[in-house]
Number of protein chains: 2
Amino acid sequence: MSAGRTARERVRAELTREITDIARRQLAVDGAAGLSLRAVAREMGMVSSAIYRYFPSRDDLLTALIIDGYNALGEAVENAEAACAPGDHTGRWLAVCHAVRDWALAHPHEYALLYGSPVPGYKAPMDTVAAAIRDTVVYGRIVSDAHRAGVLNPPDLCPPVPASFGRDAERVRGLMPGVPDEVVARALTAWTGLFGWVGFELFGQFNNTILDPAPAFEHAMRCHAALLGLPA
Amino acid sequence: MSAGRTARERVRAELTREITDIARRQLAVDGAAGLSLRAVAREMGMVSSAIYRYFPSRDDLLTALIIDGYNALGEAVENAEAACAPGDHTGRWLAVCHAVRDWALAHPHEYALLYGSPVPGYKAPMDTVAAAIRDTVVYGRIVSDAHRAGVLNPPDLCPPVPASFGRDAERVRGLMPGVPDEVVARALTAWTGLFGWVGFELFGQFNNTILDPAPAFEHAMRCHAALLGLPA
DNA sequence: TTATCGTCAAGAGCGGTGCTCTCGTTCTCT
DNA sequence: AGAGAACGAGAGCACCGCTCTTGACGATAA
């Protein structure tokens, strides 16, 4: 961000960027487990120990990549949603769904890093949280907007939410203000359904049964929208 | 399975079992990436190279663990479903959901191995498929039974399934015979919704917002059942 | 201008990994 | 009884993350 006052600071920022770029490329090829500081250094024409001047450990480099990934996904979601008519809540939801799926398909290893199995022994630092919820913030705004506009009519299908859900719903409401518990519960269902589908598709869980996933995905997301109460 | 005719075959089967047992214990502690052939050998009082007499590579050992995991999960699901009244299709679905979630919470690293990010460079051999779909077979039978019993009434909420979905639906119908395309589509939505929720919960995606996930999970799975058309 | 102090790349080295090869031994089958 | 397969042990290769030391360079203060 900062322009870098001294020459030393500028070259340091430049090298840091180069490291993360190469690391991201390695990540895309070999996955998280294949990320090697030595290989990054080799590709930069450096000695491996020099990398540690910029990232104190492999996990710190991984953290940087994770934050970058969350931000890239969040930005893709934000852009997709911003291109929709504000009143078209269903369209905004579908845009978010497609943005998530498209980004995941374009960056499978990075998506796996964000939403797949956590890297063993890796504890996500607090810095990641802000970036991690960018997509969720967009989603919460859509639900909240639809509710406020009065177009959210959840069909009378689900059982009443358990009373014990109230405290959790209150926390989720931080992202979708004003929404009643019933809608919060269904919003969670739809959100996990989106990432569940993408995970299945990306991680090969469909096992060659779904060969044309795009239309099936679209349909599934429209089902979730309907259950949530968004207009068709 | 085979009793092992010669002494050598018996000790070989015994040692193979001991290797997978120790490996599974390491997996539970450190995750897939922490699984080390050398550590297994050390714990067995063997030399690392001896392990290769039993598993030609680390990936083969991992495959054995994956198959075991699929079978353990599949068995848990089968047992849970078998304990239900055959006519209680909704109860059978909920039993499957809880069995999956409970098993996942009890064996997080193994679940991550099955449904998390695929291990980079690891290509699941064909042997895994039979074990991998045990839970799905149970699920398909529930949907098929409910449809055949005439109790499946999908609410008129979702858009019509796209025509292009027909070929994929036909393949899925191998697991749920006789079920129309509309139901197949919703069955996929519910199934991915189940694993999406479990993944979110297990991999920390809820980020300390859902502190009491059990009732919320139950509610979400009932919503999926309703969208699928199962009776309340 | 000079001296100092912090930053840097380089190199050696530690303990770990998966995996391969060779070597004697031991068991099994003919 | 002998051939041959299976076995455990050991050395070794190339790689990994990470640490420590060394010597050079550049920014800054006297």
Side-chain angles (χ1 to χ4, degrees), chain A residues 2-20 22-23 25-27 29-66 109 113 119-123 125, chain B residues 2-20 22-23 25-27 29-66 113 118-123 125:
Chain A
S2 64
R5 288 182 56 265
T6 77
R8 189 165 247 169
E9 278 171 2
R10 250 180 299 123
V11 68
R12 181 179 181 85
E14 176 62 31
L15 283 183
T16 304
R17 233 190 77 81
E18 190 176 342
I19 291 174
T20 56
I22 295 178
R25 208 164 56 234
Q26 288 196 2
L27 185 72
V29 174
D30 294 324
L35 183 102
S36 146
L37 290 184
R38 289 180 117 108
V40 172
R42 209 164 11 210
E43 194 165 334
M44 292 184 64
M46 269 173 121
V47 149
S48 68
S49 58
I51 300 281
Y52 289 84
R53 298 270 175 204
Y54 301 88
F55 292 94
S57 81
R58 183 181 177 277
D59 277 7
D60 289 274
L61 176 54
L62 216 48
T63 298
L65 294 179
I66 288 175
H109 284 111
L113 201 58
V119 178
Y122 172 79
K123 173 74 179 57
Chain B
S2 65
R5 288 182 59 264
T6 77
R8 186 166 249 170
E9 278 171 0
R10 249 179 301 125
V11 68
R12 181 179 180 84
E14 176 63 30
L15 283 183
T16 304
R17 232 191 78 81
E18 190 176 342
I19 291 174
T20 56
I22 295 178
R25 208 164 54 235
Q26 288 196 2
L27 184 71
V29 174
D30 294 324
L35 186 115
S36 146
L37 290 184
R38 291 181 115 109
V40 172
R42 212 165 349 183
E43 194 165 333
M44 293 184 64
M46 268 173 124
V47 150
S48 69
S49 58
I51 300 282
Y52 288 83
R53 299 276 178 201
Y54 300 88
F55 292 93
S57 80
R58 184 180 178 276
D59 277 6
D60 289 273
L61 176 53
L62 217 49
T63 298
L65 294 179
I66 288 175
L113 202 57
V119 177
Y122 172 78
K123 172 76 179 55

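Within every chain, numbering begins at 1; the chains are lettered A, B, ... in the order of the sequence lines, protein sequences first and strands thereafter.
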Any base atoms under 4.0 Å from [X], or only sugar-phosphate, or nothing? Heavy atoms, all strands.
{"X": "B/S36", "result": "sugar-phosphate"}
{"X": "A/I51", "result": "nothing"}
{"X": "B/F55", "result": "nothing"}
{"X": "B/L35", "result": "sugar-phosphate"}
{"X": "A/S57", "result": "sugar-phosphate"}

task: Measure the spacing between CG of B/L61 and CD1 of B/I66 and express it to the nearest 0.5 Å.
output: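 Answer rounded to 0.5 Å: 10.0 Å.
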CE-OH distance between B/M46 and B/Y54, expressed to the nearest 0.5 angstrom: 4.5 Å
message: Between A/T63 and A/F55, is there a side-chain heavy-atom distance shorter than 4.5 Å?
response: no
message: So A/R12 and A/L15, do their side chains get closer than 4.5 Å, heavy atoms only?
response: no
Return the value, rounded to whole Å, for the distance between atom [atom1] of [X] and atom [atom2] of [N].
{"X": "B/I19", "N": "C/dG18", "atom1": "CD1", "atom2": "C1'", "value": "15 Å"}
{"X": "A/L15", "N": "C/dA9", "atom1": "CG", "atom2": "P", "value": "6 Å"}
{"X": "A/E9", "N": "D/dG26", "atom1": "CD", "atom2": "P", "value": "16 Å"}
{"X": "A/Y54", "N": "C/dT7", "atom1": "OH", "atom2": "P", "value": "12 Å"}
{"X": "B/M46", "N": "D/dG10", "atom1": "CE", "atom2": "C1'", "value": "14 Å"}
{"X": "A/D30", "N": "D/dC16", "atom1": "CG", "atom2": "P", "value": "11 Å"}
{"X": "B/R8", "N": "C/dC27", "atom1": "CZ", "atom2": "C1'", "value": "4 Å"}
{"X": "B/L62", "N": "C/dT17", "atom1": "CG", "atom2": "P", "value": "16 Å"}

Could you work out which one of [options] sits closest to the side chain of [X]?
{"X": "B/R53", "options": "D/dG17, C/dG18, C/dT22", "result": "C/dT22"}
{"X": "B/S49", "options": "D/dC16, C/dG11, C/dT20", "result": "C/dT20"}
{"X": "A/R42", "options": "D/dT19, D/dC16, D/dC7", "result": "D/dC16"}

message: Please check this pair: side chain of B/R58 against backbone of B/L35, looking for a donor-acceptor N/O pair closer than 3.5 Å.
response: yes
message: Looking at the base of C/dT7, is there any donor atom on it, or on the side chain of A/R12, that sits under 3.5 Å from an acceptor on the other one?
response: no
- prompt: Going by modelled atom types, is there a donor-acceptor pair between the base of D/dG17 and the side chain of A/R38 at under 3.5 Å?
  reply: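 Checked by distance alone, the answer is yes.
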task: Between B/R58 and A/S48, just flag the one whose closest nucleotide in DNA chain C comes earlier from the 5' side.
output: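 Nearer the 5' end of the strand: A/S48.
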